[in-house]
Number of protein chains: 2
Amino acid sequence: MDTLPWMINGEYQQFISADSRGYHYGDGLFETIRVQDQVALNLPMHIQRMHSGLRTLGIAANLELIESQVQKYMHQLQLPTVARLKIIVSRGGAARGYSCATSAPAHIAIGCSPYEDVTEELQKKGIQLRFCAMRLSLNPVLAGIKHLNRLEQVLARAEWQDDRIFEGLMFDTDDNLVEGTMSNLFLVVNDVLRTPAIDRCGVSGVMRREILDRIAPELGIDTEVGRLTRHDLRAADEVFITNSLIGSLSCRQCEDLHWAVGPMRLRIQNAIDHYRARSARHLQ
Amino acid sequence: MDTLPWMINGEYQQFISADSRGYHYGDGLFETIRVQDQVALNLPMHIQRMHSGLRTLGIAANLELIESQVQKYMHQLQLPTVARLKIIVSRGGAARGYSCATSAPAHIAIGCSPYEDVTEELQKKGIQLRFCAMRLSLNPVLAGIKHLNRLEQVLARAEWQDDRIFEGLMFDTDDNLVEGTMSNLFLVVNDVLRTPAIDRCGVSGVMRREILDRIAPELGIDTEVGRLTRHDLRAADEVFITNSLIGSLSCRQCEDLHWAVGPMRLRIQNAIDHYRARSARHLQ
């Protein structure tokens with residue numbers, strides 16, 4: 001099954017204006033949402049994160065309109081069983097210099113493509129990571145937002161071609177460990193779940209929030225958010241990455257570091273699977 | 001006179017693919033070139049900077065093709081007497097994750113809009129600046145490149161609405177003075193021309209390079225490139241900003257700081273004007 005059409009500002013079309021501020025400046029943000037059995041998982045949390053990002057960027061967007069367009073898109077098209085839904089919201093008005101004094105409505109693009117989960121084997125045995133040379137630069141204002149300025153991630157991902165490596169870990173310019181190119185990072189140290197703070201760079205992933213705010217408390221797992229370094233990674237009992245599409249994946253190796261595929265990630269993934277199954281039943 | 005049509009990959013059209021990597025990730029770069037009397041000023045320097053940036057981003061683009069499309073565009077359309085020519089080159093292939101293993105040719109967009117020089121009065125009396133709260137984050141790999149990740153500039157420019165303020169000065173996250181939102185910065189201190197280094201953030205402007213490499217040496221002006229702070233700004237005898245469109249503009253005020261509209265910027269602007277007139281005669 002191939003990629004589905006884009007819905008641009010409510011109309012099915014494959015093109016956007018060459019004057020788009022998203023194109024010229026990356027002046028906008030996006031969400032990537034897992035769709036399973038026609039259900040957009042964690043949609044309210046994605047909309048909430050988008051809302052927060054749009055406010056920081058000063059983009060006035062009608063969230064109800066976005067939600068209704070997502071519903072219309074999902075209702076009108078036959079989505080694959082597991083799919084990646086992407087929503088891109090960029091500032092309205094044409095790109096004529098950085099100034100953005102505009103009353104033009106925000107530009108909304110909704111698209112979808114099939115998503116293939118990693119093999120059962122990788123889910124069991126864990127994935128392989130590498131360290132990226134590209135650093136994440138520090139900007140507290142933009143930290144957390146899934147904005148359209150993603151050159152650091154593109155260049156980090158371009159550092160390896162080896163298909164056996166699933167993800168690359170990124171440090172910030174101060175040598176703190178932050179996240180993967182397209183995922184958040186969790187370490188288990190003495191039964192405490194630790195993850196880097198996303199206050200100066202990085203993306204505040206919806207799955208990361210879901211684990212910190214709901215799953216870990218429900219499972220009685222202690223969490224700690226702060227600065228982590230390469231040293232912490234070495235000392236970890238268990239390491240896993242998360243994002244909305246993959247859920248979670250155990251990491252068994254990163255260059256000279258090796259970890260056991262441990263039980264904590266499995267408990268968390270079970271909670272994710274349970275939520276996904278419940279959402280599917282509930283919303284259909 | 002209104003904006004001219006876009007030429008997208010050699011065809012006149014107003015749209016780009018919604019799958020563009022430029023749109024999804026800002027995975028590309030651009031040039032803004034002053035066109036005067038149908039001549040694209042400093043075109044070889046713009047192409048050279050683009051070449052250098054494309055190499056850093058790992059985007060394989062045919063520079064001769066880009067140049068020939070620019071020539072075709074300028075030949076086929078009647079450009080305004082003074083105009084802003086924009087070339088956007090982004091990585092080819094569709095946005096399906098950050099990975100960019102693609103053999104698709106680079107995407108080339110060429111557009112043009114009329115450009116109005118600032119009033120004679122402002123040119124004589126000098127402009128007014130402000131300090132921006134938004135900081136430039138440090139990333140030595142991306143420093144200098146006029147890439148499409150421009151959210152910091154958009155948000156800095158959004159900090160003021162007062163039309164009397166022409167430009168905002170930006171500091172990096174280490175409190176060094178770097179540049180304006182859309183211009184480079186020069187200080188005159190004891191007859192030495194000083195400008196911030198663009199090795200950790202900022203855009204290496206073509207007009208800045210032109211002044212450092214050609215104009216200042218020809219005029220016998222000493223230059224110094226390094227770290228500058230708010231203190232240096234306070235101590236400056238003369239301050240001016242530059243970019244390819246404006247050439248140079250004297251700054252008379254930035255919040256509580258005031259400067260004389262001094263002679264050095266005038267000598268440099270005379271050299272710029274001389275070059276522009278010569279280019280127009282030479283190339284027509």
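Every heavy atom of this structure was used, including side-chain atoms; hydrogens, water molecules and symmetry mates were not. First the proteins, then the strands, lettered A, B, ... as listed; each starts at 1. The structure presented is a predicted model; accordingly, all values stated were derived computationally and were not measured.
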Enquirer: Could you measure the distance from the OG atom of B:S137 to the CZ atom of A:R200? Nearest 0.5 Å is fine.
Expert: 12.0 Å
Enquirer: For residues 160-170 of chain B, give me every residue with a non-hydrogen atom less than 4.5 Å from any non-hydrogen atom of chain A.
Expert: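 Within residues 160-170 of chain B, near chain A: nothing under 4.5 Å.
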Enquirer: Just give me the residue among B:K86, B:H147, B:R135, B:Q13 that pairs up with chain A most often, heavy atom to heavy atom, under 4.5 Å.
Expert: B:K86
Enquirer: Check each atom of B:V141 against the heavy atoms of chain A and say whether the ones under 4.5 Å are side chain, backbone, both or neither.
Expert: side chain
Enquirer: Tell me which of these, B:L148, B:T56, B:D19, has more heavy-atom pairs under 4.5 Å with chain A than the rest.
Expert: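 Between B:L148, B:T56, B:D19, the count favours B:L148.
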Enquirer: Any idea which of B:L138, B:N139, B:V154, B:D27 has the most non-hydrogen atom pairs under 4.5 angstrom with chain A?
Expert: B:V154
Enquirer: Less than 4.5 Å to any heavy atom of chain A: does that hold for the side chain of B:S20, its backbone, both, or neither?
Expert: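 Answer is side chain: those atoms of B:S20 sit under 4.5 Å from chain A.
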Enquirer: Against chain A, label B:L136 side chain, backbone, both or neither, depending on which of its atoms sit under 4.5 Å from a heavy atom there.
Expert: neither
Enquirer: Could you have a look at B:T32, B:L151, B:I88 and say which one has the most heavy-atom pairs with chain A under 4.5 angstrom?
Expert: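 Most pairs with chain A among the choices: B:L151.
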Enquirer: Is any side-chain heavy atom of B:L155 closer than 4.5 Å to a side-chain heavy atom of A:L142?
Expert: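 Yes; the side chains approach each other to less than 4.5 Å.
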Enquirer: Which atoms form the tightest heavy-atom contact between A:I8 and B:A18, and what is the distance?
Expert: CD1-CB, 4.1 Å
Enquirer: Measure distances from B:T173 to the heavy atoms of chain A and classify the residue's part below 4.5 Å as side chain, backbone, both or neither.
Expert: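 Answer is side chain: those atoms of B:T173 sit under 4.5 Å from chain A.
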Enquirer: Mind checking what makes side-chain hydrogen bond (donor to acceptor under 3.5 Å, both in side chains) contact with B:R150, not counting sequence neighbours?
Expert: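 Applying side-chain hydrogen bond (donor to acceptor under 3.5 Å, both in side chains) to B:R150 gives A:Y98, B:Q153.
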Enquirer: When heavy-atom pairs shorter than 4.5 Å are enumerated against chain A, which of B:Y23, B:F15, B:W6 gives the highest number?
Expert: B:Y23
Enquirer: Does CD in B:E116 sit with more than 12 non-hydrogen atoms of other residues, nucleotides or ligands closer than 6.0 Å?
Expert: no
